[in-house]
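Notes follow the structure.
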Amino acid sequence: MIDRSGDGPGAGTSDGVHRRNLARILGLVHYRGPLSRAWLTALTGLNRSTVAALAARLVDLGLAREQAPDQTSRAGRPSPVIAVDPDLVAVAVNPEVDAVTIAAVGLGGAIAARVRVDVADLVTPERTATLVAEVVREWRGGELAHARFVGAGLAVPGLVRASDGLVRFAPHLKWRDAQVRELVEAATGLPTAAGNDATLGAIAEHRFGAGRGVDDLVYLNGGASGIGGGLVVHGRPVLGAGGFAGEFGQNRPGIDDAGDRRAVGGVLEDEVGRSRLLGALGLRSADEPALAAAIARAVASGDAEVVAELDRQRRILATAIANAVNVLNPSRVILGGFLATLAEQDSAAMRAAVAGQAMPAAAEDLLLVVAALGEDRLLVGAAELAFAPLLADPCRSRTERRARSERMPRPAVASAVRVLHGGAFGYTRTRVESIRDLRVEIVPDGAPPGAVSIRSAPDGVRPNRSLQRPHSSTPRERLCPPPPSPSSGRTTTPHDATPATC
């Protein structure tokens, strides 16, 4: 919803209204792509001058760019186009049993870079954090040296607690109560969030893919770690009380033909599995495109074993989908990963099998489709986690400060700080707010000249806003000079005089 109270008298006096409208404009160009100011005016109901001011502020914040106007046949002057700044990226991570995939995803959902690191053994949370840090370091020194990293998002195949990102249980990775979010944040220095991979895949498809514009959908994801799911109801993702909703792979499917059963008492992902397809194909591992290509070749060549396994898994999957349709009555079911490959090999048979087991009224308007984002879906969803604070409040999120800091080369840190002695403590006249995680330690009087150190500050210490004094009962001091004595006649201006408002 748009708060239009800023359009009348006193427009711009409410900071809350300004922030909400700014977030709305950024969200529109993030989800819909470049839009002219005229379109933004029509979509938001704000007046043209307000939209122009909001767009200019987003450009000033480094979140958007103004492009050449659309050349249309419409009468009047063409309207400038507002697009997200492609240099703003989030790190997306998907740890799996056979590989860790890491991508840099730009604001707007485009993949700027991707690395797949194959692993022979199950990756640990610590190893995951190390791999992410190594890849980000290489990007910053190479192909993404121009980029500004907002944060990181983790798409984990397991139960991830929504309140704090703790991985309660990832059965195939054998993670229990894993604090992988904290590990990645410490290793990269980027604010990090974590969520269930299938839930994030559902969010990505809802916002950018096959579920765009759909209010009620079920998403099923088939990966190396099994089958997960995500739900969107009335346009909102359903997480459940703890964040664990959508675990369709742990349901026990009904199997009419006893000959179709492979795991006695097994759950859906025990019967419908990527590993079983790889076994039928004689492969040890394969990413999604390679697996789809191998299945297509086997079907084309008439490989009876592969065709029989595909048919068996489709029959069982159709029952699971029909149960979801009966319970949730979605307008769309989206299949991702190897489940999409199963459906695409004989889409007519899959639709018929679902319709034959679902209640007719619940399935009459149902569309069964494959994920439009392909292998990008989980990574785009993970990036949405990282972008969430920025999209909610472009002004006050930590992204603005961190994004500005990334533009400054690290060697410039030492030259950007000048310590001037004033009484027992030093202070700086140089505004160094753009340097990320900076803390200046000043030694007491009597120490050797130049005894000043600069190092990374722990989380929670705001750069250039606090000073740690050794051996002091006062934990923090303001980084500004002490007030002048009446006799000194010295006047100074605190570095922090500029209001921290949007």
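None of these values were measured; they are calculated from a predicted model.
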Contact summary for Val105 and Ile111, nearest pair of heavy atoms: CG2-CD1, 3.6 Å
Does the Arg377 side chain pair with the main chain of Ala204, one donor and one acceptor, at a distance under 3.5 Å? no
Can you tell me how far the CD1 atom of Ile102 sits from the OG1 atom of Thr128, to the nearest 0.5 Å? 8.5 Å
Taking only Lys NZ, Arg NE, NH1 and NH2, and the carboxylate oxygens of Asp or Glu, determine whether Arg116 and Asp98 approach each other closer than 4.0 Å. yes
What is the distance from atom CD1 of Ile321 to atom CD1 of Ile316, rounded to the nearest 0.5 Å? 12.0 Å
Can a donor-acceptor pair be found, under 3.5 Å and without considering hydrogens, that links the side chain of Glu384 to the backbone of Val380? no
What do the steps show when you test Thr101 against Glu96 for side-chain contact (heavy atoms from CB on, under 4.5 Å), and what is the final call? CA-CA 8 Å; Thr101 304; Glu96 270 285 8; over 6 Å; no
Assess whether side-chain contact (heavy atoms from CB on, under 4.5 Å) is satisfied between Leu277 and Thr341, documenting all intermediate values. CA-CA 11 Å; Leu277 291 174; Thr341 303; over 6 Å; no
Looking at Phe244, is Arg168 sitting on its ring face, NZ or CZ under 6.0 Å from the six-membered ring centre and within 45 degrees of the normal? no
Do His146 and Leu144 have side-chain heavy atoms sitting under 4.5 Å apart? yes
Does Thr41 use its side chain to pair, donor to acceptor, with the backbone of Arg37 at less than 3.5 Å? yes
Distance-only, no hydrogens or angles: does the Asn196 side chain make a donor-acceptor pair with backbone N or O of Gly158 under 3.5 Å? yes
Quick one: closest heavy-atom pair of Phe248 and Ala324, and the distance? CE2-CB, 3.8 Å
Side-chain donor/acceptor of Asn326 to backbone N/O of Met359, under 3.5 Å: yes
Given 3.5 Å as the limit, does a donor-acceptor pair link the side chain of Glu126 with the main chain of Leu183, or not? no
I'd like to know whether Arg315 forms a side-chain contact (heavy atoms from CB on, under 4.5 Å) with Thr319, so could you lay out the CA-CA distance, the side-chain angles of the two residues, the decisive distance to 0.1 Å, and finally the verdict. CA-CA 7 Å; Arg315 287 192 293 271; Thr319 300; over 6 Å; no
Can you find a pair of side-chain heavy atoms, one from Leu317 and one from Met350, that are under 4.5 Å apart? yes
NZ/NE/NH1/NH2 to OD/OE distance under 4.0 Å, Glu205 and Arg332: no
Does any non-hydrogen side-chain atom of Asp118 lie less than 4.5 Å from one of Ser285? no
When you look at His30 and Phe208, which way does the ring-ring contact (aromatic ring centres under 6.0 Å, His included) test go after all the steps? CA-CA 10 Å; His30 171 60; Phe208 297 100; 5.3 Å; yes
Once you round to the nearest 0.5 Å, how far does CG of Asp376 lie from CG of Asn94? 11.5 Å
Any non-hydrogen side-chain atom of Val333 less than 4.5 Å from a side-chain atom of Val354? no
Asn323 (side chain) donor-acceptor with Ala320 (main chain) under 3.5 angstrom: no
Gap between atom CG of Leu54 and atom OG1 of Thr44 - 0.5 Å precision: 8.0 Å
State, to 0.1 Å, how close Ala210 and Val369 come at their nearest heavy-atom pair, and which atoms those are. CB-CG2, 4.0 Å
Closest approach of Ala202 and Leu231, non-hydrogen atoms and distance? CB-N, 4.4 Å
Sidechain N-carboxylate O distance under 4.0 Å for Glu134, Arg137: no
Looking only at heavy atoms, the pair that brings Val97 and Leu173 closest together is N-CD2, 3.9 Å
Atom OG of Ser36 and atom CD of Glu66: how far apart are they, to the nearest 0.5 Å? 11.0 Å
Assess whether side-chain contact (heavy atoms from CB on, under 4.5 Å) is satisfied between Leu278 and Leu283, documenting all intermediate values. CA-CA 5 Å; Leu278 289 172; Leu283 299 175; 3.9 Å; yes
Look up atom CZ in Arg351 and atom CG in Leu368, then write down how far apart they are to the nearest 0.5 Å. 5.5 Å
Quick one: does Asn329's side chain have a donor or acceptor within less than 3.5 Å of a partner on Ala362's backbone? yes
Is there a donor-acceptor contact under 3.5 Å from the side chain of Trp39 to the main chain of Val81? no
Heavy-atom pair with the smallest gap, counting every atom of Leu378 and Ala155: O-CB, 3.9 Å
Residue list, side-chain hydrogen bond (donor to acceptor under 3.5 Å, both in side chains) with Glu344, at least two apart or on another chain: none
Are more than 12 heavy atoms from other residues, nucleotides or ligands located less than 6.0 Å from atom CG of Asp121? no
Pairwise side-chain contact, Ile295 with Glu309, heavy-atom cut-off 4.5 Å (strictly under): no
Looking at side-chain heavy atoms only, is the closest gap between Val156 and Asp197 below 4.5 Å? no
Would you check if the side chain of Asp216 reaches a backbone N or O of Ser331 as a donor-acceptor pair within less than 3.5 Å? no
Any non-hydrogen side-chain atom of His172 less than 4.5 Å from a side-chain atom of Pro157? no
Within 6.0 angstrom of Arg176 CZ, more than 12 heavy atoms from elsewhere: no
Look at atom CZ of Arg114 and say whether more than 12 heavy atoms of other residues, nucleotides or ligands are closer to it than 6.0 Å. yes
Charged N-O contact under 4.0 Å between Arg276 and Glu271: no
Could you check whether any side-chain heavy atom of Val91 comes within less than 4.5 Å of a side-chain heavy atom of Thr188, counting everything from C-beta outward? no
Say whether Gln250 and Glu269, considering side chains only, have a donor N or O and an acceptor N or O under 3.5 Å apart. yes
